[in-house]
Number of protein chains: 2
Amino acid sequence: MLRDKTKTVLDETLAGNGLRMTRQRQLVYEVLMAETTHPTADDVHRQVRKKMPSVSLATVYNCLETLVECGLIRQVNRDRDSSRFCGNLNEHAHFHCNACGSVHDIDLSENTLAELAPKQATGFQVKQFEINFRGVCPQCQKKHPL
Amino acid sequence: MLRDKTKTVLDETLAGNGLRMTRQRQLVYEVLMAETTHPTADDVHRQVRKKMPSVSLATVYNCLETLVECGLIRQVNRDRDSSRFCGNLNEHAHFHCNACGSVHDIDLSENTLAELAPKQATGFQVKQFEINFRGVCPQCQKKHPL
DNA sequence: CTAGGTGCAAAAGGTTTGCGGTTAA
DNA sequence: TTAACCGCAAACCTTTTGCACCTAG
């Protein structure tokens with residue numbers, strides 16, 4: 001059922017943008033929906049290959065780009081590391097661990113968003129924003145109890 | 001005088017990190033202090049060449065990396081475009097114009113920072129954060145009065 | 001049927017690196 | 001004096017692109 005619902009969302013969104021549903025896009029999307037680890041294009045490629053060994057990395061890049069453009073997933077960058085992708089569409093920030101490189105979703109209260117919005121008033125037309133935290137994640141804190 | 005003060009800050013910070021003062025680092029730093037346009041490494045290279053034609057792009061990259069590591073400048077990324085660099089060390093956000101690609105500093109009130117800080121409490125040790133806005137800058141709004 | 005999508009391999013673009021020569025402290 | 005730094009060119013890595021073939025609608 002969940003699978004079906006996911007497929008419907010993808011299907012309708014693609015159709016709404018005049019794009020086709022393909023097995024490659026479906027598989028890429030399913031990986032993103034199932035993962036909370038913010039995989040890179042390469043990670044996604046490895047996952048998708050399990051179900052469709054012939055898929056190429058270039059196609060995965062293309063599918064990811066399409067999904068980002070449709071607003072079905074988010075692209076998450078940390079400096080110039082490989083881009084990562086995120087299927088969580090709720091407004092949230094990203095926490096990047098300096099020790100292990102992992103990325104975690106951090107929920108933001110509605111308040112935070114309301115607080116931030118007015119900050120742009122000075123002539124800039126803000127369409128979106130992103131917030132990134134950096135530091136040490138709970139697991140790495142245990143490993144290196146500074 | 002401003003020049004001298006700038007030089008002192010650079011000098012002392014480098015010394016404090018066991019690093020040498022070189023003419024290349026000084027020139028790179030001066031460019032960043034003088035610019036508010038968030039130049040790329042290539043932009044900086046062009047500027048520095050005016051005073052020292054022999055400087056290489058690789059050296060500019062190295063100098064920028066050193067300055068970032070010393071905390072004297074900030075690195076600003078937008079997706080996978082060329083990195084840009086920022087000499088403004090006040091806590092501020094960056095606004096990226098979707099139309100012309102320009103980057104602008106947006107001051108954040110102390111309040112915003114205080115508001116954001118608690119959001120991480122759930123076990124994450126936050127050391128820094130960044131906020132990026134995207135939209136259309138005032139100039140581009142005039143050109144394309146949607 | 002046919003426009004849009006895929007796979008492949010090659011190219012692009014930004015950044016880093018290895019190395020011999022140079023220089024700040 | 002000598003470890004750190006520089007300039008050069010080549011390497012690197014992620015991402016994009018051109019093209020012939022394939023396929024969803």
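Predicted model only: the values in this text are computed from it and were never measured. Lettering follows sequence order; numbering is per chain, from 1.
Remark: B:Gln47 pairs with B:Val31, B:Glu35, B:Lys50 by the side chain to side chain contact (heavy atoms under 4.5 Å, CB included) rule, at least two apart or across chains. With sequence neighbours left out, the side chain to side chain contact (heavy atoms under 4.5 Å, CB included) criterion links A:Gln75 to A:Val68, A:Asn77, A:Ser83, A:Phe85. For the ring pair (Phe, Tyr, Trp, His ring centres under 6.0 Å) test, no residue two or more places apart in sequence or in another chain qualifies with B:His45. With sequence neighbours excluded, the residues forming a salt bridge (charged side-chain N to carboxylate O under 4.0 Å, His left out) with B:Arg46 are B:Asp42, B:Asp43, listed by chain and number.
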Response to the item:
Quick tally for nucleotides 4-10 of chain C: nucleotides whose base has a protein heavy atom under 4.0 Å get B, sugar-phosphate-only ones S, the rest -, giving BSSBBB-
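At distances below 3.5 Å, not a single donor-acceptor pair connects side-chain atoms of B:Arg49 with backbone N or O atoms of B:Val44.
Atom CG of B:Leu32 sits about 11.0 Å away from atom CG of B:Asn88, to the nearest 0.5 Å. To the nearest 0.5 Å, atoms CG (B:Asn90) and CG (B:Leu108) are separated by 10.5 Å.
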Donor-acceptor pairs under 3.5 angstrom involving side-chain atoms of residues 53-62 of chain A: please list them, not counting sequence neighbours.
residue	atom	partner	partner atom	Å
A:Ser56	OG	A:Thr59	N	3.1
A:Ser56	OG	A:Thr59	OG1	3.1
A:Asn62	ND2	A:Ala58	O	3.4

Only distances under 3.5 Å count here; give the side-chain donor-acceptor pairs of residues 129-138 of chain A to other protein atoms, sequence neighbours excluded, each with its distance to 0.1 Å.
residue	atom	partner	partner atom	Å
A:Glu130	OE2	B:Asn132	ND2	3.1
A:Asn132	OD1	A:His96	NE2	3.0
A:Asn132	ND2	B:Glu130	OE2	3.1
A:Arg134	NH2	A:Asp79	OD1	2.9

Let me have the donor-acceptor pairs involving side chains of residues 16-23 of chain A, under 3.5 Å, with sequence neighbours excluded, atom names and distances please.
residue	atom	partner	partner atom	Å
A:Thr22	OG1	A:Arg25	N	3.1

Worksheet entry | side-chain contact (heavy atoms from CB on, under 4.5 Å) assessment of B:Gln139 paired with B:Cys97 | CA-CA 10 Å; B:Gln139 282 113 16; B:Cys97 179; over 6 Å; no
Item to complete: Might you work through the side-chain contact (heavy atoms from CB on, under 4.5 Å) test for A:Thr13 and A:Leu67, ending with a clear yes or no?
Response: CA-CA 9 Å; A:Thr13 307; A:Leu67 295 178; over 6 Å; no
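Contacts between residues 74-83 of chain A and DNA chain C, defined by a heavy-atom separation below 4.0 Å, involve A:Arg80, listed by number. Of the residues in residues 31-43 of chain B, not one places a heavy atom less than 4.0 Å from an atom of DNA chain C.
Helix bend of the helix from C:dC1-D:dG25 to C:dA25-D:dT1: the angle between its two end axes, each built from five pairs, comes to 50° after rounding to 10°.
With a heavy-atom cut-off of 4.0 Å to chain B, the contacted part of DNA chain D has its first and last nucleotide at D:dA3 to D:dT15.
Between A:His94 and A:Val103, the shortest heavy-atom distance links the atoms CD2-CG1, 3.9 Å. Minimum heavy-atom separation, A:Cys70 to A:Leu14: SG-CD2, 4.2 Å. Between A:Gln125 and B:Gln141 the shortest heavy-atom distance is N-NE2, 3.2 Å.
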